J.: 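Could you have a look at this structure, given as structure tokens, before my questions?
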Amino acid sequence: MQLLGNLLQAVKPSPTLAITRKAADLKRQGVDIIGLSQGEPDFPTPDHINAAAKLAIDKGLTRYTDVDGTPELKAAIVRKFERENGLDYDSSEISVGTGAKQIIFNALLATLNHGDEVIIPAPYWVSYPDMVRLAGGIPVEVSCPENQSFKITAAQLKRAITPRTKWVILNSPSNPTGAGYSAMELKQLGAVLLGHPQVYVLSDDIYEHLRYDGWEFNTIAAQVPALRNRTLTVNGVSKAYSMTGWRIGFAGGPKNLIAAMSTLQSQSTSNPCSIAQAAAQAALDGPLDFLESRNQIFRQRRDLCLDALETTPGLTCRRPEGAFYLFPSCEELINRQTPAKRLLSDDTDVCRYLLEQARVAVVPGSAFGLEGYFRMSFATSTEQLEQACVRIRLACEQLS
Ligand code: PLP
């Protein structure tokens, strides 16, 4: 008898796994690998947030809480949505989970029936399509090439919607491209969605606070208020507050959806960690000024990498508005030959070559649904990034 269930078998093995494993093997052997494949800030959690967590322990806040978040944290989230996004939610319209990842998974699992379709603009965060498959749905990938700044257009959205469409997922600024939607673009997408009342919108805003060059963040429920009652606005503390390990994500959305997500969570993980919830409350209610200097460092690192990539033969890269990823095209390197006379036949080969030759770990674009690219994170120290860029350039120069 087959051990694994059908749903799990529908999940594709990660195309990045081989490279990740190889990078780990090399590191274990003592090879000096620079890892640019990770998706987390290298900054520490700010002190005032750590202090709130310590206080929570001292106060004995170590018991089960309400399944989908304490009233205190929900109140802080209501204030955050109001203050930063102009979105007015009641606490019954808020859900807190163990990371934005769980929130998104809950939403899909709670709503998808077998064969329901979810529109996912590609390139996308690797987890979206597999989460849809695990929930019995069908991911409908819409290819968004670089000449449209990796963003879905209103015309593409209109063509992709069918009577089986249940959700469309938007992620701005995006993982893996850093591309962000403007208010006008969101309004155009919203205009299409208004004609399809069965379609829900999942707006993944986790990179909201990581933005550069004065780019303005907008979220669709605020731009198109008529969609508010069928939009799940997802956010979390992982990226902005350097709290990836604390595992707190949250969302605002229609009451019936939020209640269903809570039911699901009550039979899986129950409440997110009580201490992490207290820390997240301090994060959301606390100052945001530390972000300015951190974002300045991220921007300098982004520019340092962009400048280096510009002078690297075979690579070109769009300037991202936000997040901490670059998504360079390596199309020109494909079909070139390595010094060991191996042909680079796709982006995975390019990434394998960069790992072996440059000793830099990056992730192939095909993992994110767009071939001919790779993703490199600039959430690592400036010195490491400088080194990595030099190594990548030298490796590219050696191709014939
Ligand atoms: N959404 C996107 C686009 C992400 O890149 C990530 C993390 O990498 C998440 C959601 C999940 O974040 P977390 O579960 O840490 O809140």
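Here the structure is a predicted model, which is why all the values come from computation and not from measurement. Counting starts at 1 for both ligands and their atoms, in listed order.
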J.: Show me which atoms of ligand 1 lie under 4.0 Å from any heavy atom of Ser238.
T.: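 Going through ligand 1 atom by atom, the ones under 4.0 Å from Ser238 are 13 (P), 15 (O), 16 (O).
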J.: What do you reckon, does Tyr207 have a nitrogen or oxygen under 3.5 Å from a nitrogen or oxygen of ligand 1?
T.: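 Yes.
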J.: Would you mind checking which non-hydrogen protein atom is closest to atom 8 (O) of ligand 1, with the distance to 0.1 Å?
T.: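 For atom 8 (O) of ligand 1, the nearest protein heavy atom is Lys239 NZ, 2.8 Å.
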J.: At what distance is the nearest protein heavy atom to atom 14 (O) of ligand 1, and which residue and atom is it?
T.: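 The protein heavy atom lying closest is Arg247 NH2, 2.8 Å.
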J.: Looking at CG of Asn256 and CG of Asn229, how far apart are the two atoms once the value is rounded to the nearest 0.5 Å?
T.: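 Output value for this atom pair is 9.0 Å.
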J.: Is the ring centre of Phe150 less than 6.0 Å from the ring centre of Tyr373?
T.: yes
J.: Have a look at Asp205, Asp204, Asn175, Val234 and point out the one with the heavy atom closest to atom 2 (C) of ligand 1.
T.: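 That would be Asp204.
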J.: Can you tell me if Gln277 and Glu72 form a side-chain donor-acceptor pair at under 3.5 Å?
T.: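 Note: Gln277 and Glu72 side chains miss the donor-acceptor criterion.
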J.: Counting only heavy atoms, which portion of Glu40 has something under 4.0 Å from ligand 1: side chain, backbone, both, or neither?
T.: neither
J.: Any chance you could lay out the salt bridge (charged side-chain N to carboxylate O under 4.0 Å, His left out) test for Lys22 and Asp25, step after step, and finish with the verdict?
T.: CA-CA 5 Å; Lys22 177 139 202 174; Asp25 280 351; over 6 Å; no
J.: Please classify the Ala100 to ligand 1 contact at 4.0 Å (heavy-atom distances, strictly less than): side chain, backbone, both or neither.
T.: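 For Ala100, backbone and side-chain atoms both sit under 4.0 Å from ligand 1.
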J.: Please work out, at 4.0 Å between heavy atoms, whether the side chain, the backbone, both, or neither of Gln102 comes within that distance of ligand 1.
T.: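 None of Gln102 does.
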J.: At under 4.0 Å between heavy atoms, is it the side chain or the backbone of Tyr128 that contacts ligand 1, or both, or neither?
T.: side chain
J.: Quick one: does Thr244 get an N or O within less than 3.5 Å of an N or O on ligand 1?
T.: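 Min N/O separation from ligand 1 is not below 3.5 Å for Thr244.
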J.: With only distance considered, is Thr98 within less than 3.5 Å of ligand 1 through an N or O on each side?
T.: no
J.: Pick from Glu383, Arg391, Gln384: which one makes a side chain to side chain donor-acceptor pair (under 3.5 Å) with Gln387?
T.: Arg391
J.: How many angstroms lie between CD in Gln188 and CD1 in Ile152, if you round to the nearest 0.5 Å?
T.: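 So the CD of Gln188 and the CD1 of Ile152 are separated by 12.5 Å.
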J.: Is Asn6 atom CG crowded by more than 12 heavy atoms from other residues, nucleotides or ligands, each under 6.0 Å away?
T.: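 Not more than 12 within 6.0 Å, no.
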J.: Students should be able to answer this: which protein heavy-atom is nearest to atom 11 (C) of ligand 1, and at what distance?
T.: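 It is Trp125 CH2, 3.7 Å.
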J.: Show the atoms of ligand 1 that are less than 4.0 angstrom away from any heavy atom in Asn171.
T.: 3 (C)
J.: Scan side-chain atoms only and decide if Ser242 and Arg294 contain a donor-acceptor pair under the 3.5 Å cut-off.
T.: yes
J.: So, does Gly236 sit close enough to ligand 1 that a heavy atom of it is under 4.0 Å from the ligand?
T.: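 Gly236: no contact with ligand 1 (<4.0 Å).
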J.: Assess the residue pair Asp349 and Arg336 against the criterion (salt bridge (charged side-chain N to carboxylate O under 4.0 Å, His left out)); give the C-alpha distance rounded to whole Å, side-chain angles, the decisive distance to 0.1 Å, and a yes or no.
T.: CA-CA 11 Å; Asp349 273 356; Arg336 304 272 287 273; over 6 Å; no
